[in-house]
*Asks:* 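One structure follows; several queries about it will come next.
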Amino acid sequence: MIYLDYSATTPVIDEVLDSYVHVTKDFIGNANSIHSLGVRSKELLLKATKQISEILNCDINEIVYTSGASESNSTALKGVAFKHCKKGKHIVSSPLEHKSVLETLKYLEMCGFEVSYAKLMPNGQIDLKHLESLIRDDTILVSICAVNSEVGYKSPLKTIRQIINKKNSNVIFHSDMTQALGKTKVNLYDVDLASFSGHKVYAPKGIGILYKSKKVIIEPLIWGLTENAKFRGGTPPLPLIVSLAKAMRIMNENLDSNIKKVAQLNELLINGLNDDKIHINSNNLCVPHIVNLSLKSIRSETFVRALEKYEIYISTNSACSSLESSTVLKSVTDDKTINTTSIRISLSHFTTKLEINEFIRIFYKVYDELLFKK
Amino acid sequence: MEKLLLIKYGELTTKGDNRNYFICFLVKSIENKLLGLNYKIEKDYYRMFIHTDDVYEALNRLKNVFGIHEIVIAYKLNDSNIDSICTSAVDVLKNVSFNTFKVETNRSDKSYKIKSNDVSRTVGASILKNINNITVDVHNPDILLNVEIRKEAVYLYYERYAGMNGYPVGTMGKALLMLSGGIDSVVAGYLSIKRGVSLDFVYFESIPHTSLEARNKVISLANTLCNYGNIGHIYVVNFTKIQEYIYKNMKGEYLITFMRRMMYRIAEKIAEKIGANAIINGENIGQVASQTLTSIKAVNDVTNYPIIRPLATYDKLEIIDVAKKIGTYNISILPYEDCCTVFVPKHPVINPKLDVIHSEEEKFDFALLDQIFEDIINIEVPTKERHNEYL
């Protein structure tokens, strides 16, 4: 099997799974209980949270656990919108966002909020001048992801923050950093809110983080708040939280060398796919972990399914919205042969050169087969 | 040219014949802090030198060590020839950004032929000649370059970092700190460590009236003091029966007075047993009813042991400032009840009378005190990190 869909989700590392199992068995107490079993669970909860806050370089009280990045995004956007709607009802975002951001924004539009989207330039970067022109006195929130999930475009968060501050320094800045974690050095300095997900960094599915700066107040999405769940109600899922803390530690310890390794794999892959028949959409402004390309003459779904015969697993645009055409690429180019035939190959430091070479070989084989049939 | 750390001693320099005793303790403190690094310590009567490949990491770790006046990053030259001093000085400063500078020389090696002032002048001239756009300013320079000429070598330095001063931990022997989970007592502990005292701790708890979290809070406070070089034990006293007895049987408004008298009696016994020379606490004149001078006198009445109250004259805000500086404030304000807040009379006595106390205390069952020593829990600090295997 050659798995090249790491940006959809990652396999759980054995050591992390061990922690999940042991914590589930050894810590039966609810961290909210006051008896010694609860205190013991709380002790571990605090320790795990401290570890995470040190990795993200923030305060321990700024970590809010959620079920994943979609919940983090929903909490952030609805939380800011409903808490601050008296100051204004205008929100700015971009076509680079994940479905969980775009659909929440659509919902907020139904609730009476106004949403503007910054345009993209042909290189996939946000048109900063246009962004600047969108920010108004009644803008309360800007939400722009750190790394786009489909093509891998990185956004210049620092510059965006400066632009926001120039126009209206009261604006709250949220960034979906789900695809940035483990792929770049994450920096919370410029944002007020940020979303993360565990299952993109080799932790189990079902756990995510919302970073919420101490300075920002939001309306909770899920009520039932306790001392251990100050902004999101619910019993803290200790085994998931500890697994996430461990996965993030492992990720962080090898971040530089992992990025370097993936960059080499990326180069190998791009060189191997250098052919006029296809068009590579990812560029040097993208993280090396994601290679998005358009097949031009073949439908992406057909191609992805055809590769499965060889036990090769990749994605049409982002996994969560596989059956629609790409919103990102539509914003970058009008060329339909490009924006309707894209596939995403996503790499990991676990990927080997052998796998890449094999992938390239099968890629052309399948490509030619499908072309012939057509 | 080797880059190393040069340590200037703190108040221990006022010591004469026994200075070496203090220096040895300082070496021990430093060795504890540098655990895991590759280093070598050289010391004499005036200075200590630390050779290590990771100068900045070592520097960072030593910023919390008592007994150090100043830590400087020094460059060691084995060749004391004036030309080589000049070349090295330029090398050291050429990548540093500054506009004005001054050179100061001190020559502990008086056999060195050039006088200190002349060395400064020559080195200064050479720096002026070789680095562009800088001038000399003898009053308020951006950079002060020290040239220290010693028998074994010459040292150049311009980066200085303030040390913690005080005496090396342990030089003054051991004391027992009455540690609650509040803001004050841990600050009193910190100030005592600063004077060279090493601490063990006594903590009174009243489970089930108080929680395990309250105990954990006290453990974290004691652990925080380990950052400043203190290694010791916490003696956790189960105070429940005594407190309940006083509450049920004795005069209500004197409750805190009786409670504290019992605490002092227990603390004294523990102190004697562990060889502590004093009891230290966070009492502060007038802060609460049990800390008026008459209350302090009434409580102190049970012991002849030296009781040291480092915070006696501090204002609350001054105490909070220290607590924030040493990183205990955020732990102290966690909302867990301790044994002093559980049983509080509505109107505690402000001026307790000794004759009342003595006659009332006849009711007390002193056998309870003896029983307590059987269930004292002894916890070592720094505590071993728990649950690491999961993370």
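Order of the sequence lines fixes the chain letters, A, B, ..., with proteins taken first and strands second; residue numbering starts at 1 for each chain.
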*Asks:* Side chain, backbone, both or neither: which part of F27(A) has a heavy atom under 4.5 Å from chain B?
*Replies:*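 For F27(A), side-chain heavy atoms alone lie under 4.5 Å from chain B.
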
*Asks:* Heavy-atom count around D14(A) CG within 6.0 Å, excluding the residue itself: above 12?
*Replies:*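 No, CG of D14(A) has 12 or fewer neighbouring heavy atoms, counting only those of other groups under 6.0 Å.
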
*Asks:* Got a second to check how far S36(A)'s OG is from R215(B)'s CZ, nearest 0.5 Å?
*Replies:*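 One gets 10.0 Å once the value is rounded to the nearest 0.5 Å.
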
*Asks:* Should the heavy atoms of other residues, nucleotides or ligands under 6.0 Å from OH of Y247(B) be counted, would the total exceed 12?
*Replies:*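 No, not enclosed.
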
*Asks:* Which residues, numbered in order, of residues 38-75 of chain A come under 4.5 angstrom of chain B by heavy-atom distance?
*Replies:*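 The stretch touches chain B at V39(A), R40(A), K42(A), E43(A), L44(A), K47(A), A48(A), Q51(A).
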
*Asks:* Is I376(B) atom CD1 crowded by more than 12 heavy atoms from other residues, nucleotides or ligands, each under 6.0 Å away?
*Replies:*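 More than 12 within 6.0 Å, yes.
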
*Asks:* Flag the one option from D18(A), D26(A), V16(A), I34(A) with the top tally of heavy-atom pairs under 4.5 Å to chain B.
*Replies:*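 Counting heavy-atom pairs under 4.5 Å, the top option is D26(A).
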
*Asks:* Quick one: are Y390(B) and K246(A) in side-chain contact, heavy atoms under 4.5 Å?
*Replies:*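 Not touching, per the 4.5 Å side-chain cut-off.
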
*Asks:* Which atoms of E227(A) come close to chain B, meaning under 4.5 Å heavy atom to heavy atom: side chain ones, backbone ones, both, or neither?
*Replies:*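 E227(A) touches chain B through side-chain heavy atoms alone.
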
*Asks:* Where does E385(B) contact chain A at under 4.5 Å (heavy atoms): side chain, backbone, both or neither?
*Replies:*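 Both backbone and side chain.
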
*Asks:* Please check if the number of heavy atoms outside K33(B) that lie under 6.0 Å from its NZ is greater than 12.
*Replies:*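 Buried by this count: over 12 neighbours within 6.0 Å.
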
*Asks:* Should we say atom NZ of K260(A) is surrounded by more than 12 heavy atoms from elsewhere, each under 6.0 Å from it?
*Replies:*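 Incorrect, the count does not exceed 12.
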
*Asks:* Please check if the number of heavy atoms outside K273(B) that lie under 6.0 Å from its NZ is greater than 12.
*Replies:*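 Atom NZ in K273(B) is not packed in, count stays at 12 or less.
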
*Asks:* Is it true that, when you exclude I28(A) itself, more than 12 heavy atoms of the residues, nucleotides or ligands shown sit nearer than 6.0 Å to its CD1?
*Replies:*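 Counting other residues, nucleotides and ligands, CD1 of I28(A) stays at 12 neighbours or fewer.
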
